[in-house]
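Here the structure is laid out as structure tokens; the discussion comes afterwards.
Heavy atoms only: backbone and side chains are in, while hydrogens, waters and symmetry mates are out.
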Amino acid sequence: MRSDNIKKGFLRAPHRSLMKATGLTDEEIQRPIIGVVNSGNEIIPGHIHLDNIARAVKDGIRMSGGTPVEFRTIGVCDGIAMGHQGMRYSLVSREVIADSIEIVAMAHMFDGLVFIPNCDKIVPGMMMAALRLNIPSIFISGGPMLAGFTLESGPIDLISVYEAVGKVSSGQMTEQQLKIMEECACPSCGSCSGMFTANSMNCLTEALGLALPGNGTILAVSSERIRLAKKAGMKIMSLVEKDIKPKDITTEKAFENAIIVDMAIGASTNTVLHLPAIANEAGIKLSLDLFDKISKQTPNLCKISPAGSHHMEDLYRAGGIYAVMNELSKKNLLHLDAITVTGSSIGEEIKIKKVLDNKVIRNIETPYSNQGGIAILKGNIAPDGCVVKQSAVIPQMLIHKGPARVFDSEEETMGAILKGKIKKGDVVVIKYEGPKGGPGMREMLAVTSAIVGEGLGESVALLTDGRFSGGTRGACIGHISPEAALGGPIGLLKDGDIIEINISERTLNADVPQEEFTRRSENLKIKEKKLTGVLERYSAFVSSASDGAVLRVKK
């Protein structure tokens, strides 16, 4: 056993003595020692209940003859961090989470790991750690939140509240109506109830084969979630016994399956940032061109909020992710021989999972669209590419042409929107919000929601080298690469430049002659922020969004 490094032989008597100080018996020390990575805390609603999940996991481990040892990671609630300086730390936390898990797992020589994430950067951070360490591992998330409800609005979620702020600003809603929505939008623990980043990534753990069926969709408040956690605890013991490691499961075929599912369910644009970073830990390169190739071949089968009116509870009742994969298999779109933590292939697992509601999961013959939820655009503004959630863009905005309104930060942009300075037809440009220039590549949910709330969602586009929440809808194009802080063309745009967007043709261009861009670049002074602490270190080592914004060692 790997843990023999800390417990076997007379030389390890001091180590055993320390373990006994924690209350472990000789019998417990002799068994496989399983690290239980719990990201539970008291500020993230998706994590407030994770101690219950961890308790069930540990029960499962003990039932199958292992010794669980729980330790913690940090976490950031993107919704609470949104719209202020706190959001600069969200993406940064992904790397810190991966590093901290590596440190604890390597220092204490666990035989296996059970990862308990739920929200935004915690899921990919843990997945990066799993592949980096390559110790037998399994994932069990905390599950999605119930959707909210009001008599006036019907089913609602967190995005409804963000958009309502813009409606109050424009006089379309009263503060009292906003208060009612605030009270009702997030009615339970769990990851926010739409196909936002957290739920997107938890669903993709199933597609990659790193989690048991139902991990992405079984509700946080369901007793079925507790039973699944116990099963995950039992299953890790089988993975340890058979020495099945994450890299055995997450092959190139598995990552292609994940991207295919990503496109079919209309997942968050943040998956295009996280999947390459996770694959990087396995020595696999996922290019933006691969995402776009798969998108063009994969039908969009689901319209979960913000793309439509359904929520995660509807996807769960319709059969979940394996039902989506079953439907995709009818067109031979998946690699069915990819294995999962169950020990069986994806093909074997999904064949018994049927679609139970074709309103939520469309039939493969009658999809919402013949292309996937995400599109990759390129042009003279984004030579290395950029990302848009095309499944959440209304048809009339798939092609758009308008004058640029250029800002150097999210705060400047938000002020202009709330003061009524953005007009129909404008293209809002937010630069210096990329991985290096932000730093931390802030999400712009407050801005995009304000645009919708102001009644401009059907006529205004937004471009940024930052990124968007999975809850963003509309013609919002992010991850523009290279970013402004690296001298990218987005940093050369000026007010009034005509921007041409054609999502159907995958192009994003400014109607500016190349010689004019060259002249502007010669006079460009890149804005640098005075940074300290973790942001200073992050900015120095982070790579482009087109590479997954991973940290590179600079030589």
Side-chain angles (χ1 to χ4, degrees), residues 269 272 288-289 291-292 374-390 393-394 396-410 412-414 416-417 421-438 441-442 444 447-448 451 456-468 472 474-527 544-546:
T269 51
V272 184
L288 293 184
D289 290 338
F291 278 86
D292 204 46
I374 292 172
I376 307 299
L377 314 184
K378 291 188 177 181
N380 67 0
I381 297 175
D384 293 344
C386 56
V387 183
V388 62
K389 190 170 185 174
Q390 63 176 345
V393 179
I394 58 174
Q396 58 264 40
M397 287 298 289
L398 292 172
I399 299 175
H400 181 74
K401 183 176 182 179
R405 297 296 312 282
V406 183
F407 303 92
D408 285 344
S409 71
E410 177 185 3
E412 287 183 23
T413 313
M414 194 68 173
I417 294 168
K421 293 183 177 181
I422 304 302
K423 308 300 181 185
K424 289 183 178 181
D426 284 347
V427 178
V428 175
V429 178
I430 311 176
K431 54 185 180 174
Y432 291 107
E433 289 287 6
K436 179 181 179 63
M441 205 179 182
R442 286 194 289 182
M444 306 292 171
V447 171
T448 58
I451 288 173
L456 299 170
E458 297 183 0
S459 61
V460 168
L462 193 156
L463 316 179
T464 182
D465 52 8
R467 60 194 175 92
F468 298 114
T472 291
C476 300
I477 300 167
H479 306 199
I480 290 179
S481 302
E483 61 176 292
L486 291 175
I490 186 175
L492 303 176
L493 295 177
K494 294 184 176 181
D495 279 347
D497 287 343
I498 300 302
I499 308 298
E500 298 176 350
I501 301 165
N502 192 323
I503 296 173
S504 302
E505 296 294 327
R506 304 297 206 262
T507 59
L508 174 66
N509 289 291
D511 188 12
V512 177
Q514 183 55 50
E515 52 269 28
E516 173 61 14
F517 264 155
T518 300
R519 186 189 66 78
R520 292 181 189 181
S521 65
E522 290 172 351
N523 299 315
L524 178 66
K525 290 184 178 180
I526 294 176
K527 294 187 176 183
S544 172
S546 60

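Minimum heavy-atom separation, Ala461 to Met397: N-CE, 3.9 Å. The minimum heavy-atom distance linking Lys494 with Val406 is given by the pair C-CG2, 3.5 Å. Nearest heavy-atom pair, Leu493 versus Lys431, reported as atom, atom and distance to 0.1 Å: O-NZ, 4.0 Å. Nearest approach of Ile499 to Ala404, heavy atoms of both residues: CG1-CB, 3.9 Å. Annotation for Asp426 and Lys421: closest pair OD2-O, 4.3 Å, computed over non-hydrogen atoms. Heavy atoms only, all atoms of each residue included: Ala484 and Ile490 are closest at N-CG2, 3.7 Å.
Distance alone, capped at 3.5 Å, places no donor-acceptor pair between the Asn509 side chain and the Glu500 backbone. A distance-only check finds a donor-acceptor pair linking the side chain of Thr413 to the backbone of Ser409 [under 3.5 Å]. At distances below 3.5 Å, not a single donor-acceptor pair connects side-chain atoms of Tyr432 with backbone N or O atoms of Ala485. No donor-acceptor distance shorter than 3.5 angstrom exists from the side chain of His400 to the backbone of Ala475, with no hydrogens or angles considered. Listed for the Thr269 side chain is no donor-acceptor partner under 3.5 Å among the backbone atoms of Val387. Under a 3.5 Å cut-off, the side chain of Thr448 and the backbone N or O of Met444 do form a donor-acceptor pair. A donor-acceptor pair is defined here as one N or O able to donate and one able to accept, closer than 3.5 Å; such a pair exists between the side chain of Ser481 and the backbone of His479.
Within the structure, every pair that satisfies the salt bridge (Lys or Arg N to Asp or Glu O under 4.0 Å) test and touches residues 459-468, not counting sequence neighbours, is listed here: Glu443-Arg467. Residue pairs that meet the salt bridge (Lys or Arg N to Asp or Glu O under 4.0 Å) test with at least one member in residues 515-524, sequence neighbours left out, are Asp497-Arg520, Glu516-Arg519, Glu516-Arg520.
You'll find the side chain of Val428 reaches within 4.5 Å of the side chain of Val460, heavy atoms only. Between Ser546 and Cys386 the shortest side-chain heavy-atom distance does not fall below 4.5 Å. Contact annotation: the side chain of Ile477 approaches that of Ile501 to within less than 4.5 Å [non-hydrogen atoms, C-beta and beyond]. Pro482 has its side chain within reach of Pro383: a pair of non-hydrogen atoms, C-beta onward, lies under 4.5 Å apart. Taking 4.5 Å as the limit, some side-chain heavy atom of Leu524 sits within range of a side-chain heavy atom of Leu492. The shortest distance between side-chain heavy atoms of Val447 and Phe468 does not fall below 4.5 Å. Using a 4.5 Å heavy-atom threshold, the side chains of Leu508 and Ile480 count as touching.
For the atom pair CD1 of Ile503 and CD1 of Ile376, the computed distance is 11.5 Å after rounding to the nearest 0.5 Å. Rounding to the nearest 0.5 Å places CD1 of Ile451 at 9.0 Å from CE of Met414. With values rounded to the nearest 0.5 angstrom, Leu377 atom CG is found 8.5 Å from Asn502 atom CG.
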Going through the distances and angles, do Phe407 and Val429 end up as a side-chain contact (heavy atoms from CB on, under 4.5 Å)? CA-CA 6 Å; Phe407 303 92; Val429 178; over 6 Å; no
Between Arg506 and Asp289, does a salt bridge (charged side-chain N to carboxylate O under 4.0 Å, His left out) hold up when you go through it step by step? CA-CA 11 Å; Arg506 304 297 206 262; Asp289 290 338; over 6 Å; no
Thr472/Lys389 under side-chain contact (heavy atoms from CB on, under 4.5 Å): CA gap, chis, key distance, verdict: CA-CA 8 Å; Thr472 291; Lys389 190 170 185 174; over 6 Å; no
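No more than 12 heavy atoms of other residues, nucleotides or ligands shown are found within 6.0 angstrom of CD on Glu458.
Under the rule for a salt bridge (charged side-chain N to carboxylate O under 4.0 Å, His left out), Asp495 has no partner lying at least two apart in sequence or in another chain.
Checked against Glu433 for a side chain to side chain contact (heavy atoms under 4.5 Å, CB included), the options Arg442, Glu483, Met441 give a single hit: Arg442.
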